[in-house]
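Counting starts at 1 for both ligands and their atoms, in listed order.
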Amino acid sequence: MKNKVKEDKLLRLTKSHIWIRTTVFICLFVLTLVISVFFALGLLLFQTETDLGQEIDHAKVIAKLYENNSNESEPYGILENSGLDLIVLDESNSIIYQKGRDTRGNVKEYFYSGIIVSGFDNNDNNENDGKIPDDSVLIWNDEENGIIKPSDGGTIMIEYSDYLKALTKSLKEDHSGDNEDTDFKMISMPVWARIELSNGQSIICKCVVEQKLSNIIYMILLMTVLAVMILIMLIMLIVDAVRNILIRRKMLKVLFTDIATGGYNMIRFMVKGRQILRKRKLARKCFAVIRLEFVNYRRFCVCHGVAEGEDVLRAIYARLKMNVSRNELVSHSADGRFALMLCFDDGQQLTERIDSMIEGIQNIKADHTFAYHAGICLIDADKGSILSRPRKGVDLSDVYNNACTACATLEDLGETATCVFSGNIIEDQKWIDTVEERQRTALANEEFEVYYQPKYDPSTNELKGAEALIRWQSPEFGLITPYKFIPIFEKNGFITEIDHYMISHVARDQKMWLDQGYRCVPVSVNVSRAHFIESDLAEQIRDLVDKEGAPHHLVEIELTESAFFDDKKAMINTITRLKEYGFAVSMDDFGSGYSSLNSLKDMPLDVLKLDAEFFRGEEAETDRGEIVVKEAIKLAKSLNMRTVAEGVEIKEQVDFLASQGCDMIQGYYFAKPMPRAQYEERMKNPIKADT
Ligand code: C2E
Ligand code: CA
Ligand code: CA
């Protein structure tokens with residue numbers, strides 16, 4: 001689930017939403033433009049409406065006057081003089097009077113209230129009010145006398161016909177009032193208003209709304225400036241958005257690109273891989289995830305430089321890429337570790353393909369042959385047989401982790417090798433986890449037990465020594481053999497504590513047996529190779545033995561053959577000091593690995609332990625096998641070393657070894673490793689009866 005969330009986040013990152021941003025910006029732009037246009041038009045309309053209101057008011061006044069005068073002999077005189085274009089309709093909507101043209105043309109006119117009628121009732125419902133109401137205050141703009149105002153707020157009485165004339169004249173003058181001073185062009189807009197009269201008639205009157213052309217030009221200019229500003233803003237925003245997207249793309253490229261090879265990195269591998277695995281059309285295909293490791297890449301870099309190392313990685317990447325198809329992947333994670341995802345139908349073909357891919361990169365650099373470790377984890381593999389079924393619930397991280405785990409099992413190998421992840425590996429990993437979890441408590445609880453495997457002289461059948469071998473008496477898992485935990489301790493370093501534990505316990509036992517009057521023989525203890533890097537190892541051993549009070553000659557130190565390839569000088573130094581302190585030192589597993597004859601030359605060793613391999617299998621019984629053992633014993637003798645033959649199980653081997661002068665035999669023929677109590681019995685009866 002967590003992986004899904006992570007993956008979705010990454011996928012979202014990979015998609016550039018340039019079109020979303022741009023659309024949002026364009027929408028914003030259009031919206032702002034529309035709002036601005038509406039705002040400007042609103043302003044224009046507001047002003048127009050105010051003007052229209054005045055025109056309509058004027059028309060209403062005329063309509064009222066006409067209505068009041070409609071019974072007179074010349075009812076249309078008012079309309080005639082009104083200066084308005086209008087038609088009068090009777091109750092049946094037939095035209096009974098018409099005046100003026102449809103339009104008034106572009107006349108420069110201004111309307112000013114030359115006559116201010118306060119309290120004039122132009123309400124349509126006011127039926128009988130044909131005259132100026134009594135409470136009206138009339139400000140009379142007399143031609144001769146100028147403005148006449150009622151001095152005391154009273155009423156100025158004038159003739160009604162004069163009022164009408166004055167009103168019309170005033171209106172006309174007002175309309176043309178500014179004409180002389182201005183040359184503004186006007187744009188007229190006729191609006192037809194219908195005024196219903198109480199007598200059933202109605203007047204349709206043309207009210208003209210006028211706007212200065214300059215006003216409209218200003219408005220258009222204002223809107224254009226606004227639009228340009230918004231456009232500039234929009235362009236800036238788009239430029240910024242594009243820049244952001246480009247920066248993000250670059251960042252994404254960095255995020256998804258491997259620095260060394262310039263190809264896919266692991267993030268890209270995971271994201272892409274999951275996409276591929278989810279593809280419907282590939283649901284029935286099998287996939288293999290491979291961890292391919294360039295063995296000793298670091299060492300190559302030390303010898304040739306990192307730049308050359310990265311050149312090689314680039315070449316490897318390019319070669320691998322050439323070998324993968326569209327629905328397959330290759331990526332480089334770090335330090336010469338590659339990840340591949342290959343599609344396949346047949347397991348055998350897959351193995352051959354991987355082998356040939358590795359072959360192709362083994363000699364990627366002239367004069368070099370590189371080794372590779374490949375850990376393979378199959379998707380849709382079930383108990384070794386590959387099933388074609390949809391990969392629901394497959395987590396690529398887990399699969400890759402399995403491939404890495406399989407690859408890690410090869411880490412001790414120097415040459416090219418492949419390992420397919422299996423149930424056994426899971427078990428092994430679980431076991432390692434369990435051991436590591438419990439190791440400290442086990443040591444503290446003394447769950448580790450010392451077993452003793454006696455060493456006998458083959459010519460006399462007499463007990464001559466023993467080897468201390470560890471056993472883990474686990475309350476949870478029962479008795480566990482060292483093969484199941486010593487390699488784990490050797491890897492995680494816990495082995496040094498185990499070695500100390502064993503030396504202390506052997507010394508304690510020896511001291512106790514001595515005190516109890518046993519005829520003690522030297523007991524050898526295995527000291528791990530990892531321990532030998534400690535420069536004061538000899539002193540540590542001495543102190544441990546001394547602490548328990550055991551004599552040094554009763555404790556022997558076994559060093560495994562492979563340890564002799566480490567720092568030779570330090571090794572010689574430690575052996576020399578151990579010998580000085582009175583401890584015998586033996587070379588364990590002689591002949592099991594690479595030849596350590598050279599080490600024999602330099603190391604002042606006391607005992608040579610011939611590896612059990614010499615006495616195992618059919619080759620052991622051949623003449624050649626016997627010759628090797630014979631010569632090894634001879635060699636040891638001429639170097640003043642005693643010999644111990646390990647893993648001897650049959651009488652013929654014992655007889656042969658006795659005839660060759662082998663000093664001791666440690667093998668099942670004489671005794672298996674045994675608990676302390678049993679070993680005590682052996683000490684009590686040191687001569688082993690023939691079996
Ligand atoms: P090793 O030191 O070579 O010990 C000899 C192993 O050979 C022992 O296995 C022993 O039981 C086995 N063996 C002896 N004679 C015969 C025989 O006739 N036939 C067969 N098939 N096997 C025989 P063990 O006790 O299981 O120990 C395995 C390895 O674990 C040891 O090999 C040693 O490398 C390591 N080990 C055991 N105890 C310790 C310890 O206390 N410290 C360290 N560092 N390693 C230990
Ligand atoms: Ca040993
Ligand atoms: Ca051995």
Side-chain angles (χ1 to χ4, degrees), residues 435 439 442-443 446-456 458 465-473 479-509 522-534 537 540-541 544 555-564 584-593 596 605-617 620 632 643-654 657 662 664-676 678-679 688 691:
V435 169
Q439 60 191 27
L443 191 76
E446 300 241 332
E447 287 173 24
F448 296 109
E449 243 179 68
V450 184
Y451 269 48
Y452 292 90
Q453 185 175 28
K455 297 171 191 166
Y456 284 90
E467 179 177 3
L469 295 160
I470 195 167
R471 297 290 181 268
W472 183 355
Q473 192 69 56
L479 190 73
I480 308 168
T481 72
Y483 287 116
K484 293 195 87 177
F485 58 89
I486 289 291
I488 301 172
F489 293 162
E490 277 174 343
K491 273 210 176 124
N492 68 22
F494 192 62
I495 192 71
T496 53
E497 290 181 51
I498 290 291
D499 286 351
H500 285 178
Y501 179 93
M502 290 295 283
I503 292 166
S504 296
H505 277 70
V506 167
R508 194 178 306 164
D509 284 351
V523 174
S524 60
V525 186
N526 293 284
V527 173
S528 147
R529 176 182 179 165
H531 224 137
F532 263 77
I533 44 168
E534 288 171 26
L537 177 70
Q540 284 180 32
I541 294 172
L544 286 169
V555 179
E556 193 178 302
I557 304 300
E558 283 192 23
L559 302 174
T560 181
E561 185 197 274
S562 54
F564 291 84
V585 184
S586 60
M587 183 193 271
D588 200 0
D589 304 332
F590 177 76
S592 66
S596 44
L605 296 159
D606 302 287
V607 182
L608 190 70
K609 290 189 81 176
L610 301 176
D611 191 67
E613 272 310 308
F614 284 119
F615 313 102
R616 217 171 271 158
T643 44
V644 178
E646 275 189 300
V648 178
E649 293 184 359
I650 48 178
K651 185 157 171 41
E652 289 72 35
Q653 288 170 340
V654 176
L657 288 163
C662 177
M664 282 171 269
I665 285 180
Q666 177 191 341
Y668 288 180
Y669 175 78
F670 283 108
K672 287 189 175 181
M674 55 189 69
R676 195 174 57 190
Q678 272 185 42
Y679 177 63
K688 174 93 170 57
T691 42

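With distances taken over non-hydrogen atoms, the option nearest atom 3 (O) of ligand 1 out of I665, V527, D589 is D589. The option from T496, V450, V525, N526 that lies nearest to atom 40 (C) of ligand 1, judged by heavy atoms, is N526. The option from F489, Y668, Y501, F485 that lies nearest to atom 18 (O) of ligand 1, judged by heavy atoms, is Y668.
With ligand atoms numbered from 1 in the order given, ligand 1 contributes 17 (C), 18 (O), 19 (N), 20 (C), 21 (N) to contacts under 4.0 Å with heavy atoms of E649. Listed by atom number, the atoms of ligand 1 under 4.0 Å from M502 heavy atoms are 41 (O). Those atoms of ligand 1 that come under 4.0 Å of a heavy atom in P482, given as number and element, are 24 (P), 25 (O), 26 (O), 27 (O), 28 (C), 30 (O), 37 (C). Within the listing of ligand 1, atoms 15 (N), 16 (C), 17 (C), 18 (O) sit less than 4.0 angstrom from a heavy atom of G647. Using a 4.0 Å cut-off to heavy atoms of D588, the atoms of ligand 1 that qualify are 2 (O), 3 (O). Annotation for ligand 1: atoms under 4.0 Å from non-hydrogen atoms of G667 are 15 (N), 18 (O). Listed by number with element, the atoms of ligand 1 under 4.0 angstrom from any heavy atom of D499 are 42 (N), 43 (C), 44 (N).
Note on ring orientation: taking the six-membered ring where Trp is involved, the planes of F485 and F448 are tilted (angle from 30° to 60°). Using cut-offs of 30° and 60° on the angle between ring planes, the pair Y679 and Y452 is parallel.
Side chains of E613 and S592: a donor-acceptor N/O pair is absent below 3.5 angstrom, by distance only.
Listed by chain and number, the protein N, O or S atoms at a distance under 3.0 Å from the Ca ion (ligand 2) are E467 OE2, N526 OD1, E558 OE1, D588 OD2.
Ligand 1 has no N or O atom lying under 3.5 Å from any N or O atom of E558, backbone or side chain. Residue-to-ligand polar distances place E467 within reach of ligand 1: an N/O pair is separated by less than 3.5 Å.
More than 12 non-hydrogen atoms from other residues, nucleotides or ligands lie less than 6.0 angstrom from CZ of R471.
No heavy atom of I498 sits closer than 4.0 Å to any atom of ligand 1. At a 4.0 Å cut-off, not a single heavy atom of E490 sits close enough to ligand 1 to count as contact.
In this view, K491 and E411, D412 satisfy the side-chain contact (heavy atoms from CB on, under 4.5 Å) rule, not counting sequence neighbours.
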